[in-house]
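Have a look at the structure below, then the notes.
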Amino acid sequence: MNFETLRSYLLSKPAAVETFPFDEETLVLKVCGKMFALLNIHGDPLRINLKCDPDKAEVLRELFPAILPGYHMNKRHWNTVILDGSIVDEEIFSMIDDSYDLVVQGLPKSKRPV
């Protein structure tokens, strides 16, 4: 998966915005001010940090060598996914969906995107 495909999918989420709050290389995707994805725009291979249910995070790490505990994140709730071609795009999109959904579920109902 290339950067533009990944970026387009992330931004297709309702109310998703991209920011660079840490530096000029770390793209952070947020929904209503809360992070749901982080990636280094110059990474080769690309790596993306995604929020994940803790139990599911452990299962994914066992299934895929390219999924690691979240780099610089809470290792229980975040995974780093190395986009080296070993995981099919549909699985990556599913992990993005899960991350986004977990963040939205944690928002007050009045702030959730429609």
### Task
With rounding to the nearest 0.5 Å, note down the distance linking CZ in Arg61 to NZ in Lys56.
13.0 Å
### Query
Hey, does Arg47 have a side-chain heavy atom less than 4.5 Å from the side chain of Leu68?
yes
### Task
Indicate if Val31 and Leu50 have the same hydrophobic cluster label, given that clusters are the connected sets of ILVMFWY residues with side-chain heavy-atom separations under 4.5 angstrom.
yes
### Message
Hydrophobic cluster membership, with links at side-chain heavy-atom distances under 4.5 Å among I/L/V/M/F/W/Y: are Val17 and Leu10 in one?
### Response
no
### Query
How many angstroms lie between atom CG of Leu102 and atom CG of Leu107, to the nearest 0.5 angstrom?
11.0 Å
### Message
Is there a continuous path of hydrophobic side-chain contacts, each under 4.5 Å between heavy atoms, that joins Met73 to Phe22?
### Response
yes
### Query
Do Ile92 and Met1 have side-chain heavy atoms sitting under 4.5 Å apart?
yes
### Query
How far apart are the C-alpha atoms of Thr80 and Ile67, what are their side-chain angles, what is the distance that settles it, and do they pass the side-chain contact (heavy atoms from CB on, under 4.5 Å) test?
CA-CA 6 Å; Thr80 295; Ile67 299 179; over 6 Å; no
#### Entry: Gap separating the NZ atom of Lys51 from the OH atom of Tyr100, nearest 0.5 angstrom
14.0 Å
### Query
When hydrophobic residues are tied together by side-chain contacts of less than 4.5 Å, even through go-betweens, does Phe3 share a cluster with Leu11?
yes
### Distance-only side-chain donor-acceptor flag, Asn40 / Tyr71, under 3.5 Å
no
### Query
Counting N and O atoms only, with roles assigned by atom type, does the side chain of Ser12 sit under 3.5 Å from a partner on the main chain of Tyr9, one being a donor and the other an acceptor?
yes
### Message
So, taking the atom named CZ in Phe36 and the one named CG in Asn49, what distance separates them when rounded to the nearest 0.5 Å?
### Response
13.0 Å
### Spacing of Asp53 atom CG and Glu58 atom CD [to the nearest 0.5 Å]
9.5 Å
#### Entry: Connected via hydrophobic side-chain network under 4.5 Å: Leu38 and Phe93
no
### Message
Are there over 12 heavy-atom neighbours, none belonging to Lys34, within less than 6.0 Å of that residue's NZ?
### Response
no
### Task
In sequence, state the C-alpha distance, the side-chain angles, and the governing distance for Phe64 and Glu91, and then conclude on side-chain contact (heavy atoms from CB on, under 4.5 Å).
CA-CA 11 Å; Phe64 300 104; Glu91 184 70 33; 4.1 Å; yes
### Query
Below 4.5 Å, heavy atoms only, C-beta onward: do Ile41 and Leu46 meet side chain to side chain?
no
### Task
Look up atom OG1 in Thr5 and atom CG in Leu83, then write down how far apart they are to the nearest 0.5 Å.
11.0 Å
### Query
Going through the checks in order, is the side chain to side chain donor-acceptor pair (under 3.5 Å) test met by Asp23 and Thr26?
CA-CA 6 Å; Asp23 54 41; Thr26 307; 3.0 Å; yes
### Derivation of the side-chain contact (heavy atoms from CB on, under 4.5 Å) call for Thr19 and Met35
CA-CA 10 Å; Thr19 64; Met35 297 187 296; over 6 Å; no
### Task
Evaluate side-chain contact (heavy atoms from CB on, under 4.5 Å) for Lys13 paired with Asp97, printing each intermediate quantity in order.
CA-CA 8 Å; Lys13 297 295 181 189; Asp97 294 345; 2.5 Å; yes
### Message
For Arg7, is there an ion pair with Glu4 - N to carboxylate O distance below 4.0 angstrom?
### Response
yes
### Query
Out of Leu29, Asn79, Leu39, Ile82, which residue meets the side chain to side chain contact (heavy atoms under 4.5 Å, CB included) rule with Ile48?
Leu39
### Which atom of Cys52 lies closest to which atom of Ala57, heavy atoms considered
SG-N, 3.5 Å
